[in-house]
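Worksheet for the structure shown next.
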Amino acid sequence: MAIKVFSFFFFVYLLVEMREISAMVPAVIVFGDSTVDPGNNNQISTVLKSNFAPYGRDYFGGQPTGRFSNGRIATDFISEAYGIKPAIPAYLDPKFDIRDFATGVSFASAGTGYDNATSDVLSVIPFWKEMVYYKEFQDKLRGYLGNDIANHHLSESLHLISIGTNDFLENYYTFPTRSSEYPVDKYEIFLIGIASNFIRELYNLGARKIAISGLPPMGCLPLERTTNIMHGSACIEEYNDVAKDFNQKLQDSVTELNRELGGIQLVMSNPYYKLLEMIQNPILFGFENVATACCGTGYFEMSYLCDRMNPFTCSDANKYIFWDSFHPTEKTNFILADHAFKTTLTVFR
C-alpha cells in the first residue's frame with residue numbers, strides 16, 4: 001500500500017513540475033518508430049497496430065489511439081513540458097489537419113528502423129518515407145502561415161528522432177541477411193550513416209534544433225528476457241553492450257555534425273542509463289515489476305497479442321515499467337521524458 005501511495009504522489013509531483021514550464025519552442029516535430037508513433041500505423045496495411053483495448057486505457061477518455069502504451073508516450077510529455085499541447089497527433093490521422101500539425105506532428109511508424117530492410121519486415125513506413133511526409137508538411141505549413149513565418153517557425157521548432165531498436169531486435173538478430181553482410185559493429189556504422197544523412201537533410205530543409213535518441217538497454221526488454229531462461233530470465237548483456245556501443249558512435253557523430261553544420265543545435269538524448277536505473281532500482285520509482293509486462297507474461301505480447309482478451313493484463317500499470325513485451329508504460333514514458341527535458345533538452349529552453 002505504501003509503495004502504491006508513493007508511486008501516485010511521485011507521478012503527480014513530476015506532472016505538476018513539468019506543466020509549470022512555459023513554451024520555448026513553437027512545435028515538436030517527431031520522426032521514428034513505435035516509441036513515438038501516436039497512430040500513423042492505423043492508416044496503413046500492417047499487422048503492427050495498437051488501436052484497440054487495452055492499449056490507451058489510461059489515455060484521455062480511455063481510448064486506444066495507436067500509441068503502443070496504456071497512455072501517453074514520451075513525446076506527448078515533452079510537448080506538454082514546453083507548454084505547447086498535451087499530445088502530438090499522427091500525421092496520417094484524418095481527424096487532424098495543418099492547424100493541428102503546426103504546433104506538433106509525428107511522422108513515426110511502429111516497427112520501422114533506419115534500415116529499409118527493417119520496415120519491410122512488418123510492412124510499415126520506411127524511415128525515408130517519413131522525410132517525404134515532412135516535406136509535404138512543410139509545403140502545407142507555408143500555405144498556412146506564409147513562407148517567411150513558416151521558415152522561422154521550422155527553424156525554431158524542435159525536431160525529435162527516436163529509432164533504432166527494431167534494426168537490431170526485429171532485423172539483425174532475427175533474420176540472417178544483415179548479420180551475414182555486416183559484423184554488428186559495422187552494422188552500427190551503417191545505421192549511423194543513415195541517421196547522419198537524415199539530419200543533414202533536415203538541416204538543409206531549415207531545421208536547426210534537433211534531438212536524436214540513442215538506444216535503450218534493449219537486452220532488458222521483457223521480450224528478450226523471456227528468451228534467456230537458462231540464465232534466470234536476466235537481461236541479455238550482449239544486446240545491452242551493442243546498445244552502449246551504438247550510443248557512443250552516435251554521440252561521436254552528433255559531435256561531428258555540430259562542427260560540420262553551422263548554426264545547428266544538435267543533441268543526443270540517451271535513455272539507456274535512466275531506464276536501466278529504473279530496472280535495477282524499481283522501488284525508488286514506485287515500480288514493483290521490471291521483468292514482465294503489464295499486458296501479459298512478457299513472452300511475445302505486443303500488438304494483437306496484447307488485447308482485451310489477454311487474461312494476464314494487470315490492473316495497475318503504474319506498478320510496471322513495461323506495458324507490453326516491448327514498450328514502456330505511460331509512467332515510464334513520463335519519467336524518461338522528464339529526464340530528457342531536464343538534461344539534454346535544456347539547450348532548447
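- The two atoms that bring Asn42 and Asn51 nearest to each other are OD1-CB, 3.4 Å, heavy atoms only.
- Listed by chain and number, the hydrophobic cluster partners of Leu276 are Tyr272, Tyr273, where partners are ILVMFWY side chains within reach of under 4.5 Å, directly or through others.
- Apart from Tyr320 itself, the hydrophobic cluster it occupies contains nothing, where clustering links Ile, Leu, Val, Met, Phe, Trp and Tyr at side-chain heavy-atom distances under 4.5 Å.
- Among residues two or more places apart in sequence or in another chain, the side chain to side chain donor-acceptor pair (under 3.5 Å) test is passed with Asn41 by Ser109.
- Taking the centre of each ring, Tyr144 and Phe101 stay at or above the 6.0 Å mark.
- Distance alone, capped at 3.5 Å, places no donor-acceptor pair between the His327 side chain and the Ser325 backbone.
- When the ring pair (Phe, Tyr, Trp, His ring centres under 6.0 Å) test is applied to Phe348, no partner is found at least two apart in sequence or on another chain.
- Of the possible donor and acceptor atoms, none in the side chain of Asp167 sits under 3.5 Å from a partner among the backbone N and O of Leu191.
- In terms of the side chain to side chain donor-acceptor pair (under 3.5 Å) criterion, Ser213 has no residue partners (sequence neighbours excluded).
- No hydrogens or angles considered: a donor-acceptor pair under 3.5 Å links the side chains of Thr35 and Ser162.
- In this structure, the side chains of Leu266 and Leu261 stay at 4.5 Å or more apart for every pair of heavy atoms.
- Across Asp93, Asp37, Asp76, a single residue satisfies salt bridge (charged side-chain N to carboxylate O under 4.0 Å, His left out) together with Arg67, and that is Asp76.
- Counting only residues at least two apart or on different chains, the disulfide (SG to SG under 2.5 Å) pairs with a member in residues 148-228 are Cys220-Cys235.
- Between Leu169 and Thr174 there is no side-chain heavy-atom pair separated by less than 4.5 Å.
- You'll find the side chain of Gln265 stays beyond 4.5 Å of the side chain of Arg208, heavy atoms only.
- Although no hydrogens or angles enter the test, the distance criterion places no donor-acceptor pair under 3.5 Å between the side chain of Gln251 and the main chain of Met268.
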So Ile125 and Ser119, side chain to side chain contact (heavy atoms under 4.5 Å, CB included) or not? Walk me through it.
-> CA-CA 6 Å; Ile125 301 167; Ser119 61; over 6 Å; no
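- Between Arg57 and Glu330 no salt bridge is recorded (no basic side-chain N to carboxylate O distance below 4.0 Å).
- Scanning for salt bridge (charged side-chain N to carboxylate O under 4.0 Å, His left out) contacts around Lys244 gives Asp241, with sequence neighbours left out.
- Shown here are the ring pair (Phe, Tyr, Trp, His ring centres under 6.0 Å) partners of Tyr59, two or more places apart in sequence or in another chain: there are none.
- Taking the six-membered ring for Trp and the full ring otherwise, Phe68 and Tyr55 have centroids separated by under 6.0 Å.
- Residues that satisfy the side chain to side chain donor-acceptor pair (under 3.5 Å) test with Lys274, not counting sequence neighbours, are Glu277.
- In terms of heavy-atom proximity, Ser253 sits nearest to Ser196 at OG-OG, 2.6 Å.
- Side-chain polar atoms of Glu130 and Tyr134 form no donor-acceptor pair below 3.5 angstrom.
- Remark: Glu256 engages Arg259 in a side chain to side chain donor-acceptor pair (under 3.5 Å) (not counting sequence neighbours).
- Considering only residues two or more places apart in sequence or on other chains, Tyr182 meets the ring pair (Phe, Tyr, Trp, His ring centres under 6.0 Å) condition with Tyr187, Phe190.
- You'll find the ring centres of Tyr239 and Phe168 outside the 6.0 Å limit.
- Remark: side-chain polar atoms of Asp100 are paired, donor with acceptor, to backbone N or O of Asp97 under 3.5 angstrom.
- A side-chain N or O of Thr292 and one of Asn289 form a donor-acceptor pair less than 3.5 Å apart.
- Not counting sequence neighbours, the partners of Phe198 by the ring pair (Phe, Tyr, Trp, His ring centres under 6.0 Å) test are Phe31, Phe127.
- Side-chain contact between Val267 and Ile210: absent, with no pair of heavy atoms (C-beta onward) separated by less than 4.5 Å.
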